[in-house]
K.L.:
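Below: one structure in structure tokens.
The figures here come from the full heavy-atom set of this structure, side chains too, leaving out hydrogens, waters and symmetry mates. Computed from a prediction, not measured in an experiment: that's the story for all the values here.
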Amino acid sequence: WELVEDTKTLIEQLNAAIRIIESGIADVVRLRSRNHPGPDFYAKERYKGREEQVFTTQTNLLCNVYHWIQNPVQKWPFAFQKCFDDPEFFCLKAEYCNWTNNPTIFKKIMVD
């Protein structure tokens, strides 16, 4: 992976992700850059400009549209909610998010 944000931004985003997990707002926080998501971005290549098709073909890709839609909460309030302001993070239910190999923080659950 290539770090595309400066160190200050990285630290802010990591700390926010940890606070989101620790507060119970979410169990998983994705850290792919919103403004610089990088190449090989299937969802963007397939659905940019055709976002509504996600609902009839691959609902689990909806969480990716925040990379190119400025205010996803306004467009899809039933799915998106802003769960952190500074830096900005959006929350969705798992049904709207596919698996990713991109940087992610997960809640740790201990099983006996």
Side-chain angles (χ1 to χ4, degrees):
W1 298 108
E2 179 182 347
L3 182 61
V4 296
E5 305 292 353
D6 59 55
T7 303
K8 180 180 180 282
T9 301
L10 170 68
I11 291 169
E12 287 172 354
Q13 290 176 352
L14 287 173
N15 286 334
I18 291 167
R19 286 194 301 274
I20 289 168
I21 296 284
E22 288 178 344
S23 71
I25 293 172
D27 295 327
V28 179
V29 178
R30 293 174 167 216
L31 295 167
R32 186 175 196 170
S33 173
R34 182 176 189 190
N35 299 315
H36 310 286
D40 302 324
F41 194 178
Y42 171 78
K44 187 174 184 179
E45 293 167 10
R46 175 98 166 103
Y47 293 107
K48 185 174 182 182
R50 298 181 302 280
E51 291 82 10
E52 296 299 325
Q53 289 181 4
V54 167
F55 297 106
T56 58
T57 56
Q58 255 185 301
T59 310
N60 67 338
L61 293 180
L62 183 64
C63 65
N64 293 288
V65 304
Y66 87 101
H67 288 283
W68 67 88
I69 298 289
Q70 280 305 101
N71 192 348
V73 175
Q74 183 177 355
K75 191 157 178 96
W76 299 288
F78 63 88
F80 283 89
Q81 56 183 288
K82 190 188 271 189
C83 58
F84 208 83
D85 285 318
D86 189 26
E88 187 174 59
F89 279 84
F90 296 100
C91 288
L92 294 92
K93 293 188 185 278
E95 69 186 279
Y96 297 118
C97 289
N98 59 316
W99 174 256
T100 183
N101 290 326
N102 286 288
T104 307
I105 293 180
F106 295 90
K107 178 179 180 179
K108 180 179 173 184
I109 299 174
M110 299 301 290
V111 178
D112 291 331

K.L.:
If I take atom CD from residue Glu51 and atom CG from residue Leu61, how far apart are they, to the nearest 0.5 angstrom?
P.N.:
12.0 Å
K.L.:
So, taking the atom named CG in Asn35 and the one named CH2 in Trp68, what distance separates them when rounded to the nearest 0.5 Å?
P.N.:
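Spacing of CG (Asn35) from CH2 (Trp68) equals 13.5 Å.
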K.L.:
Answer with yes or no whether the hydrophobic clustering places Trp99 together with Val28; edges join I, L, V, M, F, W, Y residues whose side-chain heavy atoms lie under 4.5 Å apart.
P.N.:
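Yes; tracing contacts between hydrophobic side chains, which count when under 4.5 Å, links both residues.
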K.L.:
Supply the atom-to-atom distance Leu62 CG to Lys93 NZ, rounded to the nearest 0.5 angstrom.
P.N.:
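Answer rounded to 0.5 Å: 13.5 Å.
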K.L.:
Do Ile25 and Phe106 belong together in a cluster built from hydrophobic side chains that touch within less than 4.5 Å?
P.N.:
no
K.L.:
Can you measure from CG (Leu92) to CG (Asn60) and round to the nearest 0.5 angstrom?
P.N.:
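Taking CG in Leu92 and CG in Asn60, the distance rounds to 11.5 Å.
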K.L.:
For Thr59 and Glu95, which I'm curious about, is there any donor-acceptor pair between the side chains at under 3.5 Å?
P.N.:
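No, Glu95 and Thr59 have no side-chain donor paired with an acceptor closer than 3.5 Å.
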K.L.:
Within the structure provided, determine whether Tyr47 and Asn64 are in side-chain contact (heavy-atom separation under 4.5 Å).
P.N.:
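In short, these two side chains do not touch, never coming nearer than 4.5 Å.
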K.L.:
May I ask you to check if Arg34 and Phe90 form a cation-pi contact, with NZ or CZ under 6.0 angstrom from the six-membered ring centre and within 45° of the axis?
P.N.:
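Checked: cation-pi criterion not met.
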K.L.:
Return the orientation label for the Tyr96 and Phe55 ring planes: parallel under 30°, perpendicular over 60°, tilted otherwise.
P.N.:
perpendicular
K.L.:
State the CD1-NZ distance between Ile20 and Lys107, to the nearest 0.5 angstrom.
P.N.:
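Going from the CD1 atom of Ile20 to the NZ atom of Lys107 covers 14.0 Å.
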K.L.:
Donor-acceptor check, side chain of His67 to backbone of Ser33, threshold 3.5 angstrom: yes or no?
P.N.:
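Checked: pair present.
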K.L.:
For Phe80 versus Cys63, what's the shortest heavy-atom pair and its separation?
P.N.:
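Smallest heavy-atom distance, with atoms named: CZ-CA, 4.2 Å.
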K.L.:
Which heavy atom of Lys82 sits nearest to which heavy atom of Val73, and what is that distance?
P.N.:
N-CG2, 3.7 Å
K.L.:
For the hydrophobic clusters of this structure (ILVMFWY residues joined by side-chain heavy atoms under 4.5 Å, transitively), does one cluster hold both Val4 and Leu31?
P.N.:
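No, Val4 does not connect to Leu31 through the hydrophobic network.
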K.L.:
Crowded around Glu45 CD? As in, over 12 foreign heavy atoms under 6.0 Å?
P.N.:
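Buried by this count: over 12 neighbours within 6.0 Å.
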K.L.:
In Å, rounded to the nearest 0.5 Å, how long is the span from CZ of Phe89 to OH of Tyr66?
P.N.:
8.0 Å
K.L.:
Kindly indicate whether the side chain of Glu52, heavy atoms from C-beta on, has any atom under 4.5 Å from the side chain of Lys75.
P.N.:
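With C-beta onward as the side chain, the pair touches.
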K.L.:
Establish whether Ile105 and Leu10 are linked, either directly or via other cluster members, by ILVMFWY side-chain heavy-atom contacts under 4.5 Å.
P.N.:
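Yes, Ile105 and Leu10 fall within the same hydrophobic cluster.
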K.L.:
Is there a continuous path of hydrophobic side-chain contacts, each under 4.5 Å between heavy atoms, that joins Val29 to Val65?
P.N.:
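The answer is no; the residues belong to distinct hydrophobic clusters.
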